[in-house]
> 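Can you read through this structure? Questions will come right after.
For ligands, and for the atoms within them, numbers begin at 1 and follow the listed sequence.
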Amino acid sequence: MQRILPRGEIEALDHNVIPRVTLPDRDSLFATRAARLRQLAAGSPVADYLLLMAQLCDAQQRAIKDCTAPGASEDRIALSQAHGMPPLQAVGWPRDPLWRRILAQLVDDVAAGKDVPAEAIEVCKALRRAVDDDPESLEDLAEAILAEQDQGVDGAAAPFVMAALQVYWTDLASRFDDKQLPVVSPFGVCPVCASLPVASIVRVGGQYEGYRYLCCSLCATQWHMVRVKCTHCEDVETVAYQAIDGRTPAIKAETCDHCHTYRKIFYQDKDLQVEPVADDLASLMLDVLVGEAGYSRASGNPLLWHGSEE
Ligand SMILES: [Zn+2]
Ligand SMILES: [Zn+2]
């Protein structure tokens with residue numbers, strides 16, 4: 001008897017089909033990021049910061065293990081399908097207080113770590129107190145960070161709050177059924193949570209070979225986008241690529257003369273280990289170079305609060 005393949009397997013046989021999204025792998029995402037940060041810290045002028053963020057990512061990996069945030073209701077999924085909107089839209093989402101418990105877990109974990117700078121321990125302790133005494137201010141801070149608003153955001157606390165939100169949304173996204181995604185979704189934002197991408201990556205291997213994916217700064221979903229096209233304004237005429245001479249060919253800045261922004265693009269065929277958040281954070285020299293050439297970042301790195309451009 002002939003076997004009828006389930007939908008996913010039929011698509012896997014058709015090499016003309018480009019996989020649209022890759023949902024995050026909760027079992028390895030943060031540990032892989034931590035390991036990459038440690039690797040990149042060697043010889044880096046910002047080694048101390050990269051190592052601190054590696055400790056934070058390790059804490060994230062421990063925190064997501066038992067995390068089960070309440071998912072999207074059937075109504076919300078139906079609404080998102082009807083309107084072509086991301087089903088787990090982060091801004092305005094009815095966050096469960098669970099995310100504050102995740103934050104408490106992260107800052108306790110980091111503060112108890114080895115070789116943590118005194119200033120970082122202070123930030124962790126202040127956040128821990130806020131979890132107990134002032135949850136309202138944390139809710140406001142979380143909403144401002146998710147909406148990328150600068151007002152009232154403490155740059156030292158922001159990466160820790162963002163880290164807790166990442167655990168929450170990575171948990172949601174990793175358990176989401178991607179067959180429930182709307183057929184189309186708005187350009188330039190994550191099809192799952194509507195956050196901005198941190199960077200893009202040209203992947204290797206199987207069906208992904210040579211295709212470019214944008215990487216969500218919040219839930220770590222990757223979604224396909226054609227190459228040589230501005231990830232911010234969709235321009236195809238003025239896109240160009242900048243790199244630092246003598247440095248790794250795996251990292252370039254994709255600049256656009258139409259909107260004057262850039263995002264970094266990573267090439268797995270040049271370095272299989274590239275990790276979007278870690279490599280973006282560790283390549284600040286390229287930001288300086290491209291910034292001096294007159295381009296501004298299209299969006300920030302989740303582990304470094306950039307603040308306002310002015
Ligand atoms: Zn997302
Ligand atoms: Zn553009």
Side-chain angles (χ1 to χ4, degrees), residues 19-26 29-30 33 60 64 67 69 71-72 76-77 80 84-93 95 99 142-143 145-148 161-178 180-182 184-201 212-242 252-265 275-277 280 290-291 293-303 309:
R20 182 179 164 211
V21 301
T22 308
L23 296 174
D25 179 359
R26 63 187 289 137
L29 174 75
F30 297 114
R33 188 171 292 166
Q60 286 179 294
I64 200 169
C67 181
R76 190 178 265 268
I77 288 170
S80 92
M85 295 304 290
L88 306 176
Q89 186 157 348
V91 176
W93 180 267
R95 283 186 304 277
W99 86 268
E143 205 58 23
I145 287 171
L146 290 173
E148 301 222 358
V161 172
M162 184 61 179
L165 297 168
Q166 281 181 327
V167 170
Y168 190 98
W169 259 276
T170 302
D171 166 52
L172 287 178
S174 69
R175 292 183 291 112
F176 193 77
D177 178 358
D178 62 2
Q180 291 186 310
L181 286 175
V184 290
S185 55
F187 177 82
V189 299
C190 174
V192 174
C193 78
S195 298
L196 294 169
V198 59
S200 68
I201 186 165
R212 183 256 284 270
Y213 286 76
L214 289 167
C215 310
C216 179
S217 54
L218 182 66
C219 77
T221 292
Q222 297 191 3
W223 68 99
H224 174 255
M225 191 187 136
V226 295
R227 290 166 69 167
V228 200
K229 183 176 194 172
C230 176
T231 60
H232 185 64
C233 77
E234 301 188 65
D235 185 65
V236 291
E237 305 289 326
T238 68
V239 172
Y241 297 86
Q242 331 275 339
K252 289 187 173 134
E254 188 178 59
T255 60
C256 172
D257 281 342
H258 185 252
C259 68
H260 303 286
T261 72
Y262 72 96
R263 278 195 178 99
K264 288 177 202 159
I265 179 165
E275 199 285 328
V277 171
D280 180 54
V290 179
Y295 302 96
S296 52
R297 280 185 70 105
S299 53
N301 184 292
L303 299 181
E309 290 288 320

> So, Glu275 side chain and Val277 main chain: donor-acceptor pair closer than 3.5 Å or not?
yes

> Might you work through the side chain to side chain donor-acceptor pair (under 3.5 Å) test for Ser299 and Arg263, ending with a clear yes or no?
CA-CA 8 Å; Ser299 53; Arg263 278 195 178 99; 3.1 Å; yes

> Please indicate how many protein N/O/S atoms are found closer than 2.8 Å to the Zn ion (ligand 2), with waters neither displayed nor included.
4

> Which atoms of the protein, restricted to N, O or S, are nearer than 2.8 Å to the Zn ion (ligand 1)?
Cys190 SG, Cys193 SG, Cys216 SG, Cys219 SG

> Check each of Pro186, Ser195, Pro182, Cys190 against Pro86 using the side-chain contact (heavy atoms from CB on, under 4.5 Å) test, and report the only one that passes.
Pro186

> Going by heavy atoms in the side chains, are Leu146 and Trp93 under 4.5 Å from each other?
no

> When you compare the side chain of Ser217 with that of Asn301, does any pair of heavy atoms fall below 4.5 Å?
no

> My understanding is that only residues two or more places apart in sequence, or in another chain, count here; which of them pass salt bridge (charged side-chain N to carboxylate O under 4.0 Å, His left out) with Arg95?
Glu139, Glu143

> Going by side-chain contact (heavy atoms from CB on, under 4.5 Å), Thr238 matches just one of Cys230, Cys233, Cys256, Cys259. Which one?
Cys256

> Got a sec, which residues hit side-chain contact (heavy atoms from CB on, under 4.5 Å) with Ala293, two or more places apart in sequence or on another chain?
Tyr295

> Just verifying a value: how many Å separate Lys264 NZ and Glu254 CD, rounded to the nearest 0.5 Å?
13.5 Å

